Amino acid sequence: MQMPLMVRFLPDFKVMCRHPLAKPLVFVLALWPFVHLVWAAAFDQLGANPAEALVRATGDWSLRFLCVVLAVTPLRVLTGNPALARFRRMLGLLVYFYVVLHLLSYSGFDMAFDVTDIAKDIVKRPFILVGFLAFVVLSALALTSFNRAIRILGGQNWQRLHQTVYFVAGLAIVHFFWMRAGKNNFAEVIFYAVVLGILLAWRMWRFLNKSRL
Amino acid sequence: LAHGKTSVAGALSMEKVTDYKHASTYNNFYEFGTDKADPARAAHTLKTSPWTVEIEGLVKKPGRYALEDLLKLSSQEERIYRLRCVEGWSMVIPWVGYSLSELIKRVEPLGGAKYVEFVTLADPKTMPGVTARVLDWPYVEGLRMDEAMHPLTLLAFGMYGEVLPKQSGAPLRLVVPWKYGFKSGKSLVKIRFTDKQPATAWNKAAANEYGFYSNVNPNVDHPRWSQATERRIGEDGLFAKKRKTLMFNGYEAQVGQLYAGMDLSKNF
């Protein structure tokens, strides 16, 4: 009968989420992959092809944070923990942060910031086009993430705009799928597609139930 | 691995040799997984002794050749070749071996033999990647007879002065320096002389992307990416600019005449 006792001594998660240091702590944790990559790059720890390693790692972290931010609301509702809402904007901007790093790594290391080469590449490779489109849409969301933007756009318009994040999730999966298609290696792609699919399905289910009421 | 000097034209690149660490940990060998770190991690299971190579088809002296005999068949020499992967990266690797032509002359191909087919090991017990259906196993590659007879086409047993590491295609592999890396089959078990162009693994998987010839050519793009430039592995760190890819990977003077009059954008 040790488990229940242990559980009682664990700090209450809901209380922790309301702690003033909770947000800074999540922020620091979320920046850890970035710090780690900078460290690894500086000390030549990225293997034989460091440029490729950085492009891939920043892409992976973009996708992971996208899953995390889209899980916030389902977790908030399912666990009855309204304090989780506080983390949503910050996590959303962190997705954008890693996406920008991903784009910069590709543009810098792969294309030497040559704008004509990048433009040609976007036209030549559908998977680059899809990734770029996802970046453009996410930029619109990042630029309207502050409180005044909600007032200017009006709550409903703002919400509609920000629901396009699911469109971005779809583009991200297509981007990743095409990238892996050359090697027929889809295990990871399927994993992220399933996670994002469940999160989207939960919202649709909730929306349909609400509209019936 | 004991070896002497080469007298083959173009066989000693003066460029900076890629670190052994990179050349032995970053490569494609799908039989051990599709990630470029997989072969170095997983290839220790490969059993390279005893090893025989079957010579068959349109040839006067077919048969099973033991690795020990192949090692002694001709004098081994070091060749420093550029290696250009179809994915857009490159290395400079010192190989040890002898021209494949030495072996071909010894087994005496018949007049009808126009192509050489190379079959590589596909052993699901020691090669975890063979269970994945990425390619149609075993991995098959092929060359036209004149390409196979070219002195630059190397039957390699070693690299960096040592016996080949397992992840690089031990105990013997092909190295065709003017073609994309995948044309150079690893861990060879069969060499077949035929009158028909062999059905090669990547060509079967995606004919519009990987042609039979697959000569390095900056002017003919892969359908999904440009082949105009390449990243030299280990060169000047992260911010090094990609370098321009050279026609026939810089071996145009030696091999250009093999393709005289051919439309290389059709015969890619």
Side-chain angles (χ1 to χ4, degrees), chain A residues 37-60 101 104-114 116-132 174-190, chain B residues 18-30 33-41 83 85-91 93 129 132-136 167 182 201-202 205-206 208-210 221-244:
Chain A
L37 286 174
V38 171
W39 178 275
F43 293 97
D44 196 17
Q45 301 290 305
L46 289 167
N49 195 342
E52 179 188 73
L54 284 177
V55 173
R56 290 187 181 178
T58 51
D60 284 343
L101 286 179
L104 280 176
S105 311
Y106 155 78
S107 316
F109 302 135
D110 274 359
M111 312 311 282
F113 292 117
D114 187 320
T116 29
D117 278 359
I118 293 172
K120 268 193 250 164
D121 207 36
I122 290 175
V123 178
K124 176 153 184 77
R125 302 160 86 182
F127 101 94
I128 300 279
L129 175 69
V130 165
F132 191 73
V174 172
H175 175 67
F176 196 25
F177 178 88
W178 271 339
M179 185 258 166
R180 285 291 171 86
K183 295 205 170 188
N184 270 332
N185 181 8
F186 299 120
E188 278 179 82
V189 184
I190 291 166
Chain B
T18 304
D19 283 353
Y20 178 79
K21 182 183 76 185
H22 294 330
S24 61
T25 57
Y26 185 87
N27 70 322
N28 285 308
F29 196 169
Y30 280 20
T34 53
D35 192 276
K36 280 185 283 292
D38 286 339
R41 246 197 317 260
L83 171 95
C85 177
V86 72
E87 295 169 350
W89 52 269
S90 64
M91 295 182 179
I93 298 180
R133 280 172 302 175
V134 187
L135 290 168
D136 185 9
Q167 62 269 29
F182 69 88
W202 277 106
N208 60 324
E209 299 189 4
Y210 307 100
D221 282 348
H222 185 280
R224 289 186 284 123
W225 60 84
S226 162
Q227 291 292 25
T229 60
E230 65 199 51
R231 173 173 290 125
R232 182 63 57 81
I233 297 301
E235 186 178 58
D236 299 333
L238 199 48
F239 296 97
K241 266 198 89 165
K242 287 190 177 180
R243 51 171 66 215
K244 284 200 158 43

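A quick note: this is a predicted structure, and the numbers were derived from the prediction, not measured. Within every chain, numbering begins at 1; the chains are lettered A, B, ... in the order of the sequence lines, protein sequences first and strands thereafter.
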**Q** Could you walk me through whether A/N49 and B/H22 pass the side-chain contact (heavy atoms from CB on, under 4.5 Å) check?
**A** CA-CA 9 Å; A/N49 195 342; B/H22 294 330; over 6 Å; no

**Q** If you draw a 6.0 Å radius around CZ in A/F127, do more than 12 non-hydrogen atoms from other residues or ligands fall strictly inside?
**A**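 For A/F127, atom CZ is crowded (more than 12 foreign heavy atoms under 6.0 Å).
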
**Q** Counting heavy-atom pairs under 4.5 Å with chain A, which one of B/L135, B/N28, B/V134, B/T25 comes out on top?
**A**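 Heavy-atom pairs under 4.5 Å are most numerous for B/V134.
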
**Q** Calculate, to the nearest 0.5 Å, the distance between atoms CH2 and CD1 belonging to B/W225 and A/I128 respectively.
**A**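 Rounded to the nearest 0.5 Å, the CH2-CD1 separation comes out at 11.5 Å.
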
**Q** Decide yes or no for A/L54 and B/L238: does some side-chain heavy atom of the first lie under 4.5 Å from some side-chain heavy atom of the second?
**A**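 With C-beta onward as the side chain, the pair touches.
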
**Q** Name the region of A/A112, side chain, backbone, both or neither, that has any atom closer than 4.5 Å to a heavy atom of chain B.
**A**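 For A/A112, the side chain is the part near chain B, not the backbone.
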
**Q** List the steps and the verdict of salt bridge (Lys or Arg N to Asp or Glu O under 4.0 Å) for A/E52 and B/R231.
**A** CA-CA 10 Å; A/E52 179 188 73; B/R231 173 173 290 125; over 6 Å; no

**Q** Looking at every heavy atom in both B/D221 and A/K124, which two are closest together, and how far apart are they?
**A**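 Looking at all heavy atoms of both residues, the shortest contact is OD2-CE, 3.5 Å.
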
**Q** Is B/R224 close to chain A through its backbone or its side chain, or both, or neither, when contacts mean heavy atoms under 4.5 Å?
**A**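 Both backbone and side chain.
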
**Q** Please classify the contact between A/D121 and chain B as side chain, backbone, both or neither, with a heavy-atom cut-off of under 4.5 Å.
**A**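 It is neither, since no heavy atom gets under 4.5 Å.
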
**Q** Heavy-atom distances under 4.5 Å only: say whether B/E209 touches chain A with side chain, backbone, both or neither.
**A**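 When you check distances to chain A, no heavy atom of B/E209 falls under 4.5 Å.
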
**Q** Measure the spacing between NZ of B/K242 and CG of A/D114 and express it to the nearest 0.5 Å.
**A**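 If we round to the nearest 0.5 Å, B/K242:NZ and A/D114:CG are 11.5 Å apart.
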
